[in-house]
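Throughout, a chain's letter reflects where its sequence line sits, starting with A, and its residues are numbered from 1.
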Amino acid sequence: MRIGKLQELRARGINPYQPTRFDVTASSSDLHSSYERWEGQSVRIAGRVMAIRTHGRAMFVDLADEGGKIQCHLREDIVGPEQFALTEYLDLGDILGVEGTVFKTRRGEVTVEVHEFQYLSKSLMDLPDKRHGLTNVDLRYRQRYLDLLVNPEVRRVFDVRSRTIGFIRQFLAERRFMEVETPVLLPLAGGTEARPFATHHNALDMTLYLRIALELHLKRLIVGGFDRVYEIGRVFRNEGISTKHNPEFTMLELYQAYTDYHGIMRLVEDLLSGLVQYLQGSADLEYQGQVLHFTPPFDQVDMVERLFEKTGVRWEDIRSGEDAHQFARDLGIAVDARFDRAQVLDKIVGQVVEPDLVQPTFLWHHPVDISPLAKRDPAYPQLTERFELFVAGRELANAFSELNDPLDQRERFLAQQEQRREGNDEVPPLDEDFLNALEHGMPPTGGLGVGIDRLVMLLTNSPSIKDVILFPTMRPLGSADDL
RNA sequence: GGGCCAUUAGCUCAGUUGGUUAGAGCAUCCGCCUUUUAAGCGGAGUGUCGAAGGUUCGAGUCCUUCAUGGCCCA
């Protein structure tokens, strides 16, 4: 701690925490990108001290601002002995405002010859090592501010994340989609299968659940006459933490009336190819050593057909849970003994079909028993008009022609309630209000869900979801009871 | 939930078959230095070796439990 230096400064009448503003006239990147315009000009720059190189009666100080770094030169004969004496208390990490003229050193470095400087804040703690940065992953996630300060590539990841979401909003606005906000706190959490987080509302004295999907409320809005709606929002699933899972993550869901899953496929192709082009300047993206081509049309793979090609077994020939578990054993795939037929088959597809889907590929025609909210294919009623987009072997998006038959929907929900009674606590309770909405008539609609975190992982070549979430969920240090 | 690995100075890391007072670089502190930039030169201090217990004459090192994280599997 540098309390001593702070006290010395205060003893000299300088409180580094007192300044309330500092009017900046240029950024470091301005000076670097158009030096000719700034040469000899007076500028005001502010930033964090990242390096100090003293030279007796002069010194170099590197200031970091949001766009990069700028070197500053302080000479005792220019700033004056009183100001220069204050550099005695300067530390790495301090925030400084300087005013001076722009020049180049004999080595060609763009530099500000400081005429005056001002402490704008004092750092009482040491910065991590300037050469190695901060590599301890635990500290990087727990103290992300330090990670961002000393590891510039981390800034780039979150810049891409921000621009990705900005691009999506603009893309959808151009297609006349309306952005909406639906509730996070709900008396029941539905729209997919996952364990929800539960909390308690004191005034109503009731349990409320954090949403696990956006689907059922957005479809209510389609019933209400908003024909193109979307939400980019946080959803919460009470599951384990891994490189691919964070308990809270960000989903895009959109619904478009009077189109089907083919229309959504085209939209996904346009959105992703446009996004990659926008961020990369090309349709190719490198992820973990593989080059991915985002040029439409994307490949298409029929799920049931591909399973048959891979295993010689047809989905519909597996008629019972016992058959399914035997099928899994034959393939040498370990599955939870409590899984029912559909869950086992889903797991098998995940093992034998999905890993091959490296280039952007629509895996489509999911069986109805794993697609409770998707419309049946009229030609194959046991299959649905559904697709998942896979990239690099991972699910990136999920879409279907939305089931709008309230009677079929009720039957499927009732079948789910059987599983719920059998102890599957990932199955949501029956949402009677949603059924009531469907009973008033929902137009034919195409819907899409995209995992934004996984998308950003792809776009930033990040192997872990924690790398694309600023503050990932971590177990607190020490006992949780101490907090 | 299971397996493997990691945890040593503010940061990044060494530390031999158990053996004297636990080391290096950066950062920090003191001195010098007016175009350096991994600045340089001279000097100094770094510490609950993740925590607790155990084995031993002796533990950073071996054993047990726990904590946190990583990787793989479920």
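- Side chain of E402(A) to main chain of G447(A): a donor-acceptor pair is present (N/O by atom type, distance under 3.5 Å, no hydrogens or angles).
- Annotation: cation-pi geometry satisfied between K104(A) and Y35(A) (NZ/CZ under 6.0 angstrom from ring centroid, within 45° of ring axis).
- When the C1' atom is compared between C62(B) and G18(B), the two are found 8 Å apart, to the nearest whole Å.
- Straight-line distance between the P atoms of U8(B) and A44(B): roughly 27 Å, to the nearest whole Å.
- Side-chain contact between T135(A) and R140(A): absent, with no pair of heavy atoms (C-beta onward) separated by less than 4.5 Å.
- A donor-acceptor contact closer than 3.5 angstrom is absent between the side chains of D65(A) and S27(A).
- Within 4.0 Å of T54(A), counting heavy atoms only, lies at least one base atom of the nucleic acid.
- With C1' as the reference atom, G25(B) and U20(B) are 26 Å apart, rounded to whole Å.
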Determine, step by step, whether S462(A) and R161(A) satisfy the side chain to side chain donor-acceptor pair (under 3.5 Å) criterion, reporting the C-alpha distance in whole Å, the side-chain angles of both residues, the deciding distance to 0.1 Å, and the verdict.
CA-CA 12 Å; S462(A) 298; R161(A) 182 174 179 123; over 6 Å; no

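- Side chain of R412(A) to backbone of S371(A): a donor-acceptor contact under 3.5 angstrom is found.
- Comparing G2(B) with G60(B), their P atoms are spaced 30 Å from each other, to the whole Å.
- Stem analysis of RNA chain B (at least three stacked-register Watson-Crick or G-U pairs, each with both distances under 3.5 Å) gives B:1-7 with B:67-73, B:10-13 with B:23-26, B:28-32 with B:40-44, B:50-54 with B:62-66.
- The CG-C1' distance, from N136(A) to C5(B), rounds to 15 Å in whole Å.
- Under 4.0 angstrom from either OP1 or OP2 of G69(B) there lies no side-chain N or O belonging to R140(A).
- Of the P atoms belonging to C32(B) and C49(B), the separation is 37 Å, rounded to the nearest Å.
- When the C1' atom is used for both U46(B) and A22(B), the distance is 12 Å, rounded to whole Å.
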side-chain contact (heavy atoms from CB on, under 4.5 Å) between V349(A) and W315(A), intermediate numbers included:
CA-CA 10 Å; V349(A) 168; W315(A) 181 288; 3.9 Å; yes

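- Rounded to whole Å, the distance from CD1 on I241(A) to P on C73(B) is 18 Å.
- The base of U34(B) does not come close enough to the side chain of R57(A) for any donor and acceptor atom to sit less than 3.5 Å apart.
- When the P atom of G2(B) is taken as reference, atom CG of D336(A) falls 15 Å away, rounded to whole Å.
- In the region residues 69-79 of chain A, proximity to RNA chain B at under 4.0 angstrom, judged on heavy atoms, holds for Q71(A), R75(A), D77(A).
- Contacts with RNA chain B (heavy atom under 4.0 Å) in residues 341-356 of chain A: none are found.
- Protein atom CZ of R106(A) is 11 Å distant from nucleotide atom P of U37(B), rounded to whole Å.
- At least one donor-acceptor pair under 3.5 Å links the side chain of T384(A) to the backbone N or O of H366(A).
- Both tests pass for R44(A) against the ring of F22(A): distance under 6.0 Å to the centre and angle within 45° of the axis.
- Residue R107(A) has no polar side-chain atom (N or O) positioned under 4.0 Å from OP1 or OP2 of U35(B).
- Going from the C1' atom of C13(B) to that of U17(B) covers 23 Å, rounded to whole Å.
- The interatomic distance linking N151(A) (CG) with C11(B) (P) rounds to 14 Å, in whole Å.
- Heavy-atom distances to RNA chain B give each of P463(A) and A51(A) a nearest nucleotide, and the one nearer the 5′ end belongs to A51(A).
- A side-chain donor-acceptor contact under 3.5 Å links R420(A) to the backbone of V427(A).
- Contact annotation: K5(A) does not reach the phosphate of U28(B) (side-chain N/O to OP1 or OP2, under 4.0 Å).
- Between H55(A) atom NE2 and C33(B) atom C1' there is a gap of 8 Å when expressed in whole angstrom units.
- Protein atom CG of D91(A) is 16 Å distant from nucleotide atom C1' of C11(B), rounded to whole Å.
- Atoms CD (E239(A)) and P (A74(B)) sit 16 Å apart, rounded to a whole Å.
- Annotation: G53(B) and A38(B) have their P atoms spaced 48 Å apart (nearest Å).
- Nearer to the 5' terminus of RNA chain B, by closest-nucleotide assignment, is the contact made by I52(A) (compared with the other of E109(A) and I52(A)).
- Listed for the R48(A) side chain is no donor-acceptor partner under 3.5 Å among the backbone atoms of L92(A).
- Of the N and O atoms on the side chains of R329(A) and Q326(A), at least one donor lies less than 3.5 Å from an acceptor on the other residue.
- A close approach under 4.0 Å does occur between a side-chain nitrogen or oxygen of R475(A) and OP1 or OP2 of U68(B).
- Using cut-offs of 30° and 60° on the angle between ring planes, the pair Y261(A) and W364(A) is tilted.
- Judged by distance alone with a 3.5 Å cut-off, no donor-acceptor contact links the side chain of T135(A) to the base of C11(B).
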